[in-house]
Amino acid sequence: MFTLAKDTDAPPLTEQIVRHYAQRIDEGALLPGARLPSVRQLAARLEVSVHTVLVALDRLSGLGYVASRPGAGYYVRRTAAQAAAAPAAAPRAQPATTTSGFTHSVLSTDATLLQAGAGYLPRHWYEDAIAPATLARSLRESAEAAVVPPVQGLPSLREQLAARLARRQIPARPEQLLTTFGASQALQLAARAVAVPGDAVLVDDPGYFLLHSQLAALGLRVVGVPREAQGPDLDALAALVQEHRPRAFFTQTLLHNPTGASTVPARSHRILNLAEAFDFVLVEDDVYGDLAGDAGVRLAQIDALRRVIYVGSFSKLLSPSLRVGYLAAPLSLTERLVDLKLMDVLSGSTLEEALVAEVLRSGRYHRHVLRLRERLARSRGAAIAALQGCGLRFDADAAQAGGVFLWAGLPPGVLAPALVEAAREAGIVIAGGHMFSRRGVGADRLRLNAAWATDARLLGFLKAQLGGAG
């Protein structure tokens, strides 16, 4: 009988049971017609509740692995050969090395994929974020309201957001805040508010790959600004501003995606000086900023929202299923942003916005984020050590960078695109560094998620591919 991992970072017990029996059946170790131990026997052997075993068996039944016979228990109904004979999944529209192909893999409903390069955390890390009572109360309140929130967003949520930003010394009044369907819509609204097709905009390079594609799809000329350990390369930024006269610079100040590094305050001041001198807007993407806490120095804090549009989201840390983002902007841009949202989606979701407002009001979100920081800090150190044993390289300050992402260097002669495709064929999603660059750099890098990076499947794959030490 196998043993369940019961430490705080382990997957849920039901998921471990499902994985074990699914693997045994797929491998042919359990044949069709084989009877599983009774529910009570399994509960006793695994030292879990009967309810936990029943939930796991129900999931196995739903997946087609076992069948329940009334009064007789659970029996195997699927073999490896049957699984192989099942209709093949639809082919991917794009290779895993492209923005589209990678994003489809990350958003796939295939639970067997190991999301080692995704921007989201493992599912069980979110389980304590929203209390059932909070969800029930939000459902009741939204049903009683029976109306959509104002275009600008639910007033109670905007008030909570204003209070949170004030603690970070970002003076955003509720009337300067706009809720959005995640950060993706917020970033696109910001772009459309300040630029028109043909205009130049600057982005971090490496930087968030989906943003690069979204801006290009709007007809904008997207120009990459080289990113260094302490933030954007100031000399390169000054030269690019002179050459292209951009309308905006999209940048992540804290816990940058993909490198995990943060811009030092001295560079932030210089960036603001350039924006003032050449009259362009700074769009600050802070979707992972809650992991840095209130201590990090943000552009919006220094600038007081005079020429900074600040973007945040709850999808990454609270729940991927909650598409609630927001932006805070100068009052001169707010009316334009609200009109653009009106034309896009009319309004938001009363239920989702009320739920986020209640989680913030109760203090539960703050406690949840503190736990995430602690888990990530532990995961980063263990992941870096394990990945180095596989042959990957890290900058000296990687362990101190913090946040979700690990920016790993590949051994000489190994290129990311081929490795990404091989990983996807093995059921593992990793991100090649080349996807994050407009300048064609990064083919010698991988972006990995620290929360997934100690998984045995990933480590085994990398050792086999790279010949790293055991």
Look at the side chain of [X] and the backbone N and O of [Y], then say whether any donor-acceptor pair between them is shorter than 3.5 Å.
{"X": "Gln301", "Y": "Ile170", "answer": "no"}
{"X": "Arg137", "Y": "Leu355", "answer": "no"}
{"X": "Gln176", "Y": "Ala329", "answer": "yes"}
{"X": "Asn449", "Y": "Ala118", "answer": "yes"}
{"X": "Thr103", "Y": "Thr99", "answer": "yes"}
{"X": "Asp303", "Y": "Val308", "answer": "yes"}
{"X": "Thr251", "Y": "Thr253", "answer": "no"}
{"X": "Asp205", "Y": "Arg439", "answer": "yes"}
{"X": "Asp285", "Y": "Val287", "answer": "yes"}
{"X": "His20", "Y": "Glu15", "answer": "no"}

Go through the steps to decide whether Arg247 and Val281 satisfy the test side chain to side chain contact (heavy atoms under 4.5 Å, CB included), and finish with yes or no. CA-CA 6 Å; Arg247 298 300 303 147; Val281 172; 5.9 Å; no
So, taking the atom named [atom1] in [X] and the one named [atom2] in [Y], what distance separates them when rounded to the nearest 0.5 Å?
{"X": "Asp233", "Y": "Arg227", "atom1": "CG", "atom2": "CZ", "value": "11.0 Å"}
{"X": "Trp452", "Y": "Ser379", "atom1": "CH2", "atom2": "OG", "value": "11.5 Å"}
{"X": "Gln252", "Y": "Leu299", "atom1": "CD", "atom2": "CG", "value": "11.5 Å"}
{"X": "Leu322", "Y": "Ser315", "atom1": "CG", "atom2": "OG", "value": "7.0 Å"}
{"X": "Arg19", "Y": "Thr14", "atom1": "CZ", "atom2": "OG1", "value": "10.0 Å"}
{"X": "Leu406", "Y": "Asp395", "atom1": "CG", "atom2": "CG", "value": "11.0 Å"}

Basic-acidic side-chain contact under 4.0 Å: [X], [Y]:
{"X": "Asp204", "Y": "Arg438", "result": "no"}
{"X": "Arg158", "Y": "Glu175", "result": "no"}
{"X": "Arg298", "Y": "Asp286", "result": "yes"}
{"X": "Arg361", "Y": "Glu358", "result": "yes"}
{"X": "Asp344", "Y": "Arg192", "result": "yes"}

Heavy-atom pair with the smallest gap, counting every atom of [X] and [Y]:
{"X": "Ala328", "Y": "Leu177", "value": "CB-CD2, 3.6 Å"}
{"X": "Glu421", "Y": "Thr97", "value": "OE2-N, 3.6 Å"}
{"X": "Pro171", "Y": "Leu305", "value": "O-CD1, 4.1 Å"}
{"X": "Trp125", "Y": "Asp128", "value": "O-OD1, 3.9 Å"}
{"X": "Ala131", "Y": "Arg364", "value": "N-NE, 3.4 Å"}

Would you call [X] and [Y] a side-chain contact if the rule is heavy atoms closer than 4.5 Å?
{"X": "Pro417", "Y": "His434", "answer": "yes"}
{"X": "Gln152", "Y": "Thr334", "answer": "yes"}
{"X": "Leu165", "Y": "Tyr310", "answer": "yes"}
{"X": "Leu410", "Y": "Leu415", "answer": "no"}
{"X": "Arg307", "Y": "Pro330", "answer": "no"}
{"X": "Ser262", "Y": "Leu255", "answer": "yes"}

Any side-chain donor near an acceptor of the partner, [X] and [Y], under 3.5 Å:
{"X": "Thr179", "Y": "Lys341", "value": "yes"}
{"X": "Ser321", "Y": "Ser319", "value": "yes"}
{"X": "Thr112", "Y": "Asp110", "value": "yes"}

Is it the case that over 12 heavy atoms from other parts of the model lie below 6.0 angstrom from the CZ atom of Arg245?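 Enclosed.
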Exceeds 12 heavy-atom contacts within 6.0 angstrom, atom CD of Glu335: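 Counting other residues, nucleotides and ligands, CD of Glu335 stays at 12 neighbours or fewer.
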Do Tyr120 and Tyr126 have ring centres separated by under 6.0 Å?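 That pair fails the under 6.0 Å test.
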Check against side chain to side chain contact (heavy atoms under 4.5 Å, CB included), Arg373 and Leu317: CA-CA 10 Å; Arg373 286 185 211 159; Leu317 304 186; over 6 Å; no
Students often mix this up, so state it plainly: with edges at 30° and 60°, are the rings of Phe209 and Phe102 parallel, tilted or perpendicular? perpendicular
Arg267 and Glu228: CA distance, side-chain angles, deciding distance, salt bridge (Lys or Arg N to Asp or Glu O under 4.0 Å) verdict: CA-CA 11 Å; Arg267 292 205 185 194; Glu228 300 176 328; 2.8 Å; yes
Run the numbers on Leu215 and Leu187 for side chain to side chain contact (heavy atoms under 4.5 Å, CB included), then give the verdict. CA-CA 9 Å; Leu215 295 175; Leu187 292 165; over 6 Å; no
Please list, chain by chain and in numerical order, all residues satisfying salt bridge (Lys or Arg N to Asp or Glu O under 4.0 Å) with Arg59, sequence neighbours excluded.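 Residues passing salt bridge (Lys or Arg N to Asp or Glu O under 4.0 Å) with Arg59: none at all.
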Hey, mind stepping through Leu340 and Arg336 against side chain to side chain contact (heavy atoms under 4.5 Å, CB included) and telling me if it holds? CA-CA 6 Å; Leu340 287 169; Arg336 168 73 172 152; 3.7 Å; yes
Could you go step by step and tell me if Tyr288 and Phe405 meet the ring pair (Phe, Tyr, Trp, His ring centres under 6.0 Å) rule? CA-CA 10 Å; Tyr288 292 102; Phe405 298 117; 5.3 Å; yes
So is Arg447 actually on top of Trp407's ring, under 6.0 Å and inside 45° of the axis?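 Output no; distance or angle outside limits.
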When you look at Ser105 and Arg424, which way does the side-chain hydrogen bond (donor to acceptor under 3.5 Å, both in side chains) test go after all the steps? CA-CA 9 Å; Ser105 293; Arg424 183 61 181 81; 3.0 Å; yes
Among Lys316, His368, Arg164, which residue meets the side chain to side chain donor-acceptor pair (under 3.5 Å) test with Asp290? Arg164
